Structure formats: C-alpha cells, structure tokens
S.K.: 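Could you have a look at this structure, given as structure tokens, before my questions?
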Amino acid sequence: MEPTDIPKAYDPKEWETKLYQKWEESGFFNPDTCIEKGVTKTDAKTFSIVLPPPNVTGHLHAGHAAMLAVEDSIVRYHRMKGDRTLWIPGTDHAAIATQSKVESIIRKEEGKTRHDFTRGEFLDRVNRFAQDSHDRITHQVRKMGSSVDWSREAYTLDEKRSFAVRTAFKRLYDDGLIYQGDRIVNWDPELQTTVSDDEIERKEEKSPFYYLQYGPFVISTSRPETKFGDKYVVMHPNDERYAEYIHGQKISLEWISGTITATVIKDESVDPSFGTGVMTITPWHDAVDFDIAERHTLDGEQIIGFDGKLLPIAGPFSGLPILEARKKIIELLTEKGLVVKIDENYVHNIATNSRGGGLIEPQIKKQWFIAVNKEFERDGDMVTLKQLMRRPVRPGGEITILPKQFEKVYFHWIDNLRDWCISRQIWFGHRIPVWYKKPTTDNGQLTTDRKGEIEMYCGVEAPEGDGWEQDPDTLDTWFSSGLWTFSTLGWPDEKAKDFVDYHPTSLLETGYDILFFWVARMILMSEYFLNTQPFDTVYLHGLVRDSQGRKMSKSLGNTIDPLDVSEVHGADAMRLSLLSGTTPGNDIRLSDEKILSMRNFTNKLWNLARYVGTMSGDTGTAEPEAKSDADKDLIQKLDTIVASVTRHLDHYELSMAVDELRDFTWGDFADWYVETHKVEHNDALLRYAFDIIIRLWHPFMPFVTEAIHQTLHLDESELLMVAKWPENENIRKTTANENRFALVKNIIIGIRNVRATYRIDPAKKLIVSAYGGSEKAFGENELVFKRLARISEIRHMDSQVPPKDSLRIQSGLLYAYLHIEGIIDIEAERTRLGKELAEAEKYATSLEAKLGNPSFTDRAPVTVVAQTKATLDETNAKADELRSHLASIS
RNA sequence: GGUCGCUUAGCUCAGUUGGUUAGAGCACUGCAUUCACAUUGCAGGGGUCGGUGGUUCGAGUCCACCAGCGACCACCA
C-alpha cells in the first residue's frame, strides 16, 4: 500500500476482528506452536498465568476489561521477550450466583420455582444459560485482544476439572480434614442453601431495639421472634450488679408463652457496658450464642424453620414469617407488661447473601466443613491448613502480593478464619462425592440390628453395588476455583507435561475484592496438595469506578461497557485508559475524557506511521549511524526508554511504563525528532526508532501496532505479536550509564550541599558547615567517597575551629556522616571553585573517553560542569554579599 | 470496636529504595497551522504536596500526633 493511500484516521473497526483472527490462526497464543515455529527457544524460561475465570452469569464489565488489559500486556511482553508464555483462559460455573440468576429468570418469565422441575430438568436450564454466557464471554475476551491459549480453555465444571475436584475432596476426606458436623451456618431461606462466612454482606439497617423484662433482669434484643426458647440468661462473671446471682442458679419467670425456668450462666464474652449487661441466648440462630452454648454444653432449640417461618414451638405464632411474628410478639409482650423500652432508631448490621439471595438466618445444620485448625503431619512437623496458608506469604516467602499492604489484610483474615463450610444445598455445581446406603441384609431388607446407622462411602467415582445414594449437596464454588492454577494444567496427573512445566504459575492478577474468596483458597489448595505456592506474584487491581468515584451500577446508569467503547474508539484506547494512571490496589477512575485522550493517542501513533511510511529506508534492525546531535540524542533517549519500559514491566509497574512511553513517543519522538527529521532527513534512523517504538507499544496496544506493522513492514517478521522485544546490548550499556549518571548526580548534590549551608556570622566571619557522605545517601561507590573526601579535606584546610561533633554516627554504621564547621576565606574559596570547575570539565572529558558512548557522555558530565558553574556564580554572589556586610559593620 | 488506606494544579491521578527546578491527562489563556496528524502544533498560567511537630546535609517520600474521607473485617445481644 502506498502511504498516501493510508487513511488519515485509524479506524479500529477496519482492523481489530481481522487482526485477532490472524493472531489466533497463527497459533502463537500457544507456547508449543511458538517453539515449533522457532519463535521461542525450547529451553526458554516459562511464564505462566491463569485467567481468573469470569462467572458464567452474564457478560464482562469494565473490571474484567482492566484485568484483561493488565494480563495481556504482561503476557505479550513476555512472549516477545522470548519466554515460553502460557495464558490459560476459562470460565467459572459460579454455582450459587448462576443458579440464583437462572431461578430469578424462570420466576420472572414463567412464574415457576426450581422445585417445579426435576433436578435434571433444572440443571439443563442452568447449563444452557451457562453455555450462552460462556459464548458471550469468550467473544468479549477476544474483542479485548487477549492473547490467551484457547486450545487449553477450561471450565470449572467440565469433566477434567470435576475429576480434579473429586480427587481433591477424597484426599482431604481421607486425611481427616473434611468432616461433616452439626454446626451453626449461614442459611439463606430464599435460595434454600448455606453460604460461607465470606459470602455474607453486612448492611446497616435501622430497626427497633427492644428492652424486655426477663424475670429480675432487663434484656435487650432486636429480634424478639427468636426468644421463645431462651432459657439461659448470661452475664459477665465480674459484673457486680449481678453478683447475687450465681452460675447455674434457676429462676422462675414469666415469658412469652407462659412461666418458664431460666438458668443463670456466667460467661466472659458478655460486655457489661452494653445495654444492661445481661442477655439471653438463642444458640440455634446466633453464632455467638452458639459458642457460649458450646462452652457450657447448653442445649438449644430451632425456632425458625428453613423456610423462614416460625416453627410450632412458637405456639400461636407458628407459621408466621419473621417480621409479622415480631410485630405480634411485641404486642403480646406489651399486653403482659414485659416491654420496658423501645429504641426506634437503633442501627444494626443485618446479614445478606452477597450472591443474590436474601436475609441470612443463622441455623444449625449438618454440613461439610474443611478443618483449618486441625493438626496433621507434614514433613515430620505438625501443621494446620491455616499455617500452610501463611507460609508462602510471610516475609521471605515465595509469594509477593502487590501492593504489599494487602499482605497484612491477608494475615488478618487468616487469623479470624473459621472452618470453611463447603456444602451448598443448591443443584448447580460439583456434587459432593459421598454416597450413603442404609444397611441391608443380603436380600435387600433393612437390617434390624443396625437400624438408624448409615453406611458412608467417599470416592472419586460412585461405589459399586446397589442401594447407594449420593449426597444431594453440591460444593462451594470456591472449592473448585481453589484448584484452578493446577487443575487447568492437568492435575491430578502430576506427570502431566503442562503441570510440570508451568506450575507454580508466575503471576496471578485479580481484583482485591476476591483476595479472600479466591487467592487465599488457591494458596490453601496448592500448599496442601502440592506443597508449593500456586503463584509467585499476586497483582491486585482496583475496582473500576466512574469519573466521580462511584461504583458502576446499572441503577446509577453510569456503567461503561468495555465492548461499546471498543466498538467506537477501539480496544487499544479502552485498554490504555485502564492502564494509565492506575496502580495496584487502588481503584480505577474511568471517564469519557480519558478514553478520548487515549483514542487520540492511538491516532497519533497511526499518523506517525503515515509519516514514517513516506520515508524510504532499509528495514534492517542494526542501529543506524547517528548523523547529527539530534540523532545522538534520539538514540540515547531510545536506549533509556527501552530500559525503562522493560524495567517497569518486570516490576509490574504498567502505569509508569505506559506514561513514560507516551511522553517519549509524543513529546520526544513525534513533536521533536520528527520535526528535526524534516530538516535533517535521517530516514534509516527514523524507521529504526519507530520500529522500536511500535514494539514497545505492542503489549499495551496490540491492535494499532499490529495494524501499523502490517501496513509498513518495518522489519521482516510476519507478525508484530511475536517480534523480538527491543532488548539489545544498548540496554545493558544504558543501564550502566544510568548508574554512572546517578553517581555523577550524587557528586553534584554533594557539592551543592556544601554551598547551601553558608551563613554569615556577625563576628565578621563566614561560617560554613560541610556535610557529606553517608553510605546510604551516596551509595557505596568508591568514586563518590573519594570525591567527597576531597571536599572534606578542603574544609579541614581552612578550618580554624576544631569541630566538636566532627564525626557523628547514627544507626550504627549505616548512617555515618562528617560534620565540619569552620571559617573559610571567600577569595580562596572562589579560587578553589574555579579550580573545581576546571577539574569538573576535565572529569567530564575523561569520563567521556572512558565510557565511549556518545549518546550518554555529552550529557551527564556537561551537567556536572554546568552545575559547578552555577555553584561558582553562587559563591561569587556570596562573596559580594559578605564584602558589603563587612563594609557595613566596620 | 479493630485493621488498612487516602488527602499532590480547577478536575482525575502518577511520583519505584529520601536527592538537581514536584509531573501527566483533561480543563484554561495566547499564538500557529495547505507541509503525517484539528483526534494537530508551539508557548504559557495554575501547587504553602491536608495540618503541626520530629529525624536528616536534604522530606511529597521516613516517624509521631491531629483533621477530613474511604474501604475491609468483627459476636455488641
């Protein structure tokens, strides 16, 4: 194509679908193909990452787009660098979230509940819905340009992952770490299932708070409807107000449904300063009460049924829903004169199911748990799962969490972790691999001598023989996601090639909101089953918010659909908006202005390509000759930016990489060098530089850069996607130069600080304080110390006052500095500085000769000279000031 | 109640281990523009880096306290 035929504006629609198809068909998303086709060396080091599987509940939102942008940038960078790079895509069945979504659709559209279907029929519906979501999601992932290896796509509920789940369950079961027990759980009466502690979302709600007469005590509650069975009254053992009552004492009193006998319990968990310092307990419907009851082996009764209605124990209130019952019970208590006070404006936390369900009602129920505090043997030591979860994260551990402060949050969470309830009474998910059989004789009759006993079998596959019935419950969705880093790589086959090659994975990138749900559980599973960490680095991105900092929600109408944006402005602009100006752990503000400015930049790049396209030139990759000062400067800047972007990418500092690269591209290259080029015409260098720029941009903006590559053919490679990352000897040179530059910089600072502390003493003397040389501030470079020592010498030479505190040492040897105070001759100082300037110039020349790199040497030493000159001027000014000062006082 | 974080230009935010004159985008002002690009260029204005103290030769950066905001966790019945 002739450059003049290239359209003036970049049109993403023209390119994106076409290019993605080309990438996908090339097979280079698959590291095996990269090796086959010689793009990656067989022995290259691996870089692997799993895509946090999006829930099959609908479509992708801006948060997913941020995730894809970060991950794709890093993955493309590693692929170009020549690493064996694997990025595994997948989707999550998201058990409860998906089921509740489908249930609500069915309710809305057909007025039916899941119980109007058989389990099989209902699952068909959910699976169909999940399939649609899956298709939509994978389409969207492609639209964003994500270079995932589709040939390895996984689904948390597919056959391979289900096998892994059953294997994992059985091993934990056999090791005694999964148990079944009657424990208090979070029950969602609406979805008819338990949910884990972490899935609960607490909301503040104003509701009346009742003070009730309970025998000689006044107790308080916001839930009178649970109080029917309350026959234990609890207070702190040291509460003097109630010293007359002793533990175990029985008291007869009038209560909701008549006279009852209450027992006094003393327990330290009661806060004497709250309310009246007395409370009654409802062990069946309150976790704290349950604990108290367990401590004192008290019994409890179920008051509220699993359908959220009161049970027969409530007498006349039986069958009423909670709120209705509450009202009527208060009416009754008021009649009986037992209501002491009602606080109408009490605010308390209510628990709701964050996965789309209703108000949580604590219930005691037989459930499956993972014991996180139970000791077991590991490598000869006794450990718990909790300890295993801490191991890789603590200082010196294998896992780095970015940003670091989330490590504290992580540990805090582990400290408060209770046994993990993994069973759910929903249909969609991994069925618990446990089967039961009522004991029978050979002829199939129930045996009479073992009546009530049930035989139990846990296995990866169903047991042989008849009469076995599988546990109806399913597993918490995070059980299967916890295995994700290795179930996607072929585990439980520990010899699977992918598993051996790519685990532990290199990076996990996800939102900080699922640190506990997911990240922690992956660490648990990997540490337990594999005795190793699931990933080396965790990069937590923030929530995407609108320009005013609000969460994006449909009801606010402030959602930005990444697909809509990509459609209009291109996926590149969308990606860049989500990368620039963002840091791990902090929320991302997304606005139309930002997207537009990134779109403008995309176009800038495109037009640079049009300009470069009009130039002839070789397509070689060798660095062309620098013909002018501008050329030299460009090469130097190019070296610096390559090194800098590379370093930032290695440290997952994407925002800094993008921002610096954009400043360079737009400011240094487009606005400055291209203008110079119009006069000086070094076409080869122009093309060479632009080729590097395009490669550097590719990880962040894959589409427009590939489009440019396809149009201009700046080098021989067919796809920019697998072009070599600009990493040549220049980088090493530049890094070394940068170190030297830092060194020189510190020397300058040393000189300046000496100058900065001049002051004129009233006793006609110029006092100078010279500070210099701490190992920490000035680095360990010999040259620096030499230089500083020389300055100190000069001070000593003129010093008349023996410095009292000439040497002070702080924090041991790490921070030592010299402090010399003395009187100096301003004329001598001026002469000395003149000499120093000459020396600096000489130093610049010698440094130049030593380094032998023109792109650097004409900068730093010259800066030294300039700075020294400035110091000389400053000294001259000081001298004049001193002179007039002396004149005025004499 | 506990923990963590935030406060930098009018707005949204960067600022890696303390180091030269604190930066970017958008917005604003003036000028330019047939020459790759008006999705443009050049020049410019705008900051007591929340406050007070401390450490340091040097603090936006480290420490203490205070103020405002936010998030997460938690058993206040």
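Just so it is clear: chains get the letters A, B, ... in the order the sequence lines come, proteins before strands, and each one is counted from 1. Source: prediction; values computed, not measured.
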S.K.: Just by distance, do the side chain of A/Arg575 and the backbone of A/Phe700 share a donor-acceptor pair under 3.5 Å?
M.R.: yes
S.K.: Suppose we call a contact any N or O donor and acceptor under 3.5 Å apart; does that hold for the side chain of A/Lys8 and the base of B/C37?
M.R.: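 Donor-acceptor pair under 3.5 Å: no.
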S.K.: I need the CG-P distance between A/Asn586 and B/C13, as an integer number of Å.
M.R.: 9 Å
S.K.: By a strict heavy-atom criterion of less than 4.0 Å, which residues belonging to residues 565-579 of chain A are in contact with RNA chain B?
M.R.: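 Under 4.0 Å from RNA chain B: no residue of residues 565-579 of chain A.
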S.K.: Got a sec, which residues hit side chain to side chain contact (heavy atoms under 4.5 Å, CB included) with A/Asp11, two or more places apart in sequence or on another chain?
M.R.: A/Lys13, A/Glu14
S.K.: Is there a Watson-Crick or G-U wobble partner for B/A9 with both distances under 3.5 Å, and which nucleotide is it?
M.R.: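 Pair assignment: B/A9 / none.
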S.K.: Can you check each nucleotide of nucleotides 71-77 of chain B against protein heavy atoms at under 4.0 Å and return B for base, S for sugar-phosphate only, - for none, in 5' to 3' order?
M.R.: --SBBBB
S.K.: Considering only the P atoms, how many Å lie between B/C63 and B/U55, rounded to the nearest integer?
M.R.: 15 Å
S.K.: Taking side chain to side chain contact (heavy atoms under 4.5 Å, CB included) as the definition, give me every residue that meets it alongside A/Val218, ordered by chain and number, with sequence neighbours left out.
M.R.: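 If we apply the side chain to side chain contact (heavy atoms under 4.5 Å, CB included) test to A/Val218, skipping adjacent residues, the hits are A/Tyr211, A/Gln213, A/Thr276, A/Val340.
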S.K.: Who passes side-chain hydrogen bond (donor to acceptor under 3.5 Å, both in side chains) against A/Lys227, sequence neighbours left out?
M.R.: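 A/Lys227 satisfies side-chain hydrogen bond (donor to acceptor under 3.5 Å, both in side chains) with A/Asp230, A/Thr280 once adjacent residues are dropped.
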S.K.: Listed by chain and number, what are the side-chain hydrogen bond (donor to acceptor under 3.5 Å, both in side chains) partners of A/Trp606, not counting sequence neighbours?
M.R.: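 So A/Trp606 forms no side-chain hydrogen bond (donor to acceptor under 3.5 Å, both in side chains) with any residue.
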S.K.: Report the residue (A/Glu593 or A/Phe406) whose heavy-atom-nearest nucleotide on RNA chain B is the more 5′ of the two.
M.R.: A/Phe406
